[in-house]
Amino acid sequence: MSVFNRLLVGTLPLVPKAIVGRVAARYVAGATLDEALKVVRDLNSKGAMATIDVLGEEVSEKSKALAAVEEYLQVFTAIEAQHVDSNVSIKLTLLGLKIDEGFCRDNVERIAAKAKEHGNFVRIDMEDNTTTDATLRIYHALQPRYGNLGVVLQAYMRRTLRDIEELPGKGASVRLCKGIYVEPREIAWKGYDTVRANYLMALEKMFARGVYVGIATHDEYLACAASALVDKHGLKREEYEFQMLLGVDEELRRILIAAGHRLRVYVPYGADWYPYSMRRLRENPEVAGHVAKALLSGR
Ligand SMILES: Cc1cc2nc3c(=O)[nH]c(=O)nc-3n(C[C@H](O)[C@H](O)[C@H](O)COP(=O)(O)OP(=O)(O)OC[C@H]3O[C@@H](n4cnc5c(N)ncnc54)[C@H](O)[C@@H]3O)c2cc1C
């Protein structure tokens with residue numbers, strides 16, 4: 001990322017919300033489930049699978065967490081009714097993790113039970129380091145009972161290689177990503193190439209243990225190295241998948257699908273788009289140009 005873009009990233013919280021919304025629109029499917037389903041249908045027609053995420057995080061009221069659970073229950077009904085190829089992704093701080101872990105686990109359990117009824121799958125996103133232990137605890141408690149839960153591990157976390165050893169191996173499903181939260185160096189690798197190296201070590205370790213991995217990255221270097229590891233381990237097409245975010249590098253998405261890989265796109269929707277969009281903008285290497293254009297267009 002250029003120095004100018006990095007400077008702009010620092011001042012993003014000062015950019016008016018309306019401008020952030022306009023620039024970040026590409027990362028979000030819309031405000032409603034219907035809009036998300038339209039995006040999913042379009043992705044399916046292009047050979048991609050989807051994972052639908054209800055936007056929202058860090059809730060401090062039980063009513064908001066319960067409303068999110070109800071929304072997720074509707075998502076499963078709609079996926080089945082509309083015959084689209086999608087599972088769901090959930091954030092535990094939206095489901096009340098910061099209120100009470102037991103309350104959150106009960107909410108995840110309701111979602112997992114509904115998913116099971118519909119033959120579907122639930123991916124538990126990983127948030128910042130204050131949630132890692134609890135997220136893994138909830139995953140390990142519920143996965144043996146429901147069998148349709150997956151979790152996320154972050155390659156920037158030093159603990160990740162150890163966390164892989166706690167996985168059951170065959171039957172486990174893990175999305176591997178670099179990690180997006182700003183973490184202290186004591187617990188997280190900081191170098192760009194160090195994170196790449198840890199990503200590939202974690203990927204190889206999981207392949208060797210028979211874990212189903214969602215290889216979540218837009219980093220062409222990692223996509224290339226991961227494809228080589230898929231070949232090295234003789235994995236069949238159904239034994240792994242690539243994953244990408246809505247609105248990021250559609251060309252790489254097409255290339256991976258054309259090469260015969262399965263690929264899933266993360267499709268977030270909902271009214272609470274701001275924190276998610278800010279994280280995406282911080283990673284966009286051309287963020288300054290987009291913001292300047294939106295400001296100059298004067299709308
Ligand atoms: C499906 C999916 C799910 C994820 N779930 C989680 C999660 O649960 N927890 C978590 O901490 N992180 C999650 N992430 C985010 C992830 O950790 C990274 O922050 C993010 O994917 C960027 O890392 P990268 O591997 O794409 O590499 P980078 O080096 O960041 O990006 C590689 C290239 O991709 C392009 N690019 C990347 N991001 C953007 C963007 N926003 N806009 C425009 N271009 C971009 C640029 O060309 C960049 O040079 C998820 C990512 C994906 C793809």
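Given the structure is predicted, the values throughout are model-derived calculations rather than measurements. All ligand and atom numbering here is 1-based and tracks the order in the structure.
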Point to revise | side chain to side chain donor-acceptor pair (under 3.5 Å) assessment of Asp128 paired with Thr130 | key: CA-CA 6 Å; Asp128 70 18; Thr130 63; 2.5 Å; yes

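Under a 4.0 angstrom heavy-atom cut-off, Tyr199 registers as lying outside contact with ligand 1. The shortest separation from a heavy atom of Leu245 to ligand 1 is under 4.0 Å, placing the residue in contact.
Interface of Gln243 with ligand 1, defined as ligand atoms under 4.0 Å from a residue heavy atom, comprises 1 (C), 53 (C). For ligand 1, the atoms sitting less than 4.0 Å from at least one non-hydrogen atom of Tyr181 are 11 (O), numbered in the order shown with element in parentheses.
In this structure, Lys17 and Trp273 have side chains that are in contact, with non-hydrogen atoms separated by less than 4.5 Å. Considering only heavy atoms from C-beta on, Tyr139 comes within 4.5 Å of Leu167 through its side chain. With a 4.5 Å cut-off on side-chain heavy atoms, Glu283 and Lys178 do not count as touching.
Donor-acceptor pairing under 3.5 Å is lacking for the side chains of Asp34 and Thr32. Between Ser89 and Arg175, the side chains place a donor N or O and an acceptor N or O closer than 3.5 Å (distance only, hydrogens not considered). Judged purely by distance below 3.5 Å, without hydrogens or angles, the side chains of Asn284 and Tyr27 pair a donor atom with an acceptor atom. Residues Tyr212 and Glu241 have side chains that bring a donor and an acceptor to within less than 3.5 angstrom of each other.
Ligand 1 has an N or O atom lying under 3.5 Å from an N or O atom of Arg175, backbone or side chain. Considering backbone and side-chain atoms together, Cys177 places no N or O closer than 3.5 Å to any N or O of ligand 1. At under 3.5 Å, not a single nitrogen or oxygen of Arg26, backbone or side chain, sits near a nitrogen or oxygen of ligand 1.
With respect to atom 10 (C) of ligand 1, the closest heavy atom belonging to the protein is Ile180 CG2, 3.4 Å. Nearest non-hydrogen protein atom to atom 42 (N) of ligand 1 is Tyr27 OH, 2.7 Å. Atom 23 (O) of ligand 1 has Lys178 CD, 3.8 Å as its closest protein atom, hydrogens excluded (heavy atom only). For atom 24 (P) of ligand 1, the closest non-hydrogen atom on the protein side is Thr217 OG1, 3.6 Å. Among protein heavy atoms, the minimum distance from atom 29 (O) of ligand 1 is reached at Tyr192 OH, 2.6 Å. Looking only at protein heavy atoms, the nearest one to atom 36 (N) of ligand 1 is Val248 CG1, 3.6 Å. Here the heavy atom of the protein found nearest to atom 8 (O) of ligand 1 is Met126 N, 3.1 Å. Arg280 O, 2.8 Å is the protein heavy atom nearest to atom 41 (N) of ligand 1.
Here Lys91 does not pair with Glu58 in a salt bridge; the nearest charged N to carboxylate O distance is not below 4.0 Å.
Closest approach of Tyr146 and Lys116 over heavy atoms only: O-NZ, 3.5 Å.
Looking at His218 against ligand 1, both its backbone and its side chain come within 4.0 Å, counting heavy atoms. Only side-chain heavy atoms of Gln154 come within less than 4.0 Å of ligand 1; its backbone N, CA, C and O stay farther off. Of all the heavy atoms of Val152, the ones lying under 4.0 Å from any atom of ligand 1 belong exclusively to the side chain. Contacts of Pro285 with ligand 1, taken as heavy-atom pairs under 4.0 Å, involve the side chain alone. At a heavy-atom cutoff of 4.0 Å, ligand 1 is contacted by no atom of Glu286, backbone or side chain.
Protein heavy atoms are absent from the 4.0 Å sphere centred on atom 31 (O) of ligand 1.
In this structure, Tyr276 and Tyr266 have parallel ring planes: the angle between them is below the 30° cut-off, well short of the 60° mark. Under the 30°/60° scheme for interplanar angles, the aromatic rings of His261 and Phe242 are found to stand perpendicular.
For the atom pair CG (Asn44) and CG (Leu37), the distance works out to 10.0 Å, reported to the nearest 0.5 Å.
With atom 43 (C) of ligand 1 as the reference point, the heavy atom nearest to it among Asn284, Asp128, Thr135, Asp53 is part of Asn284.
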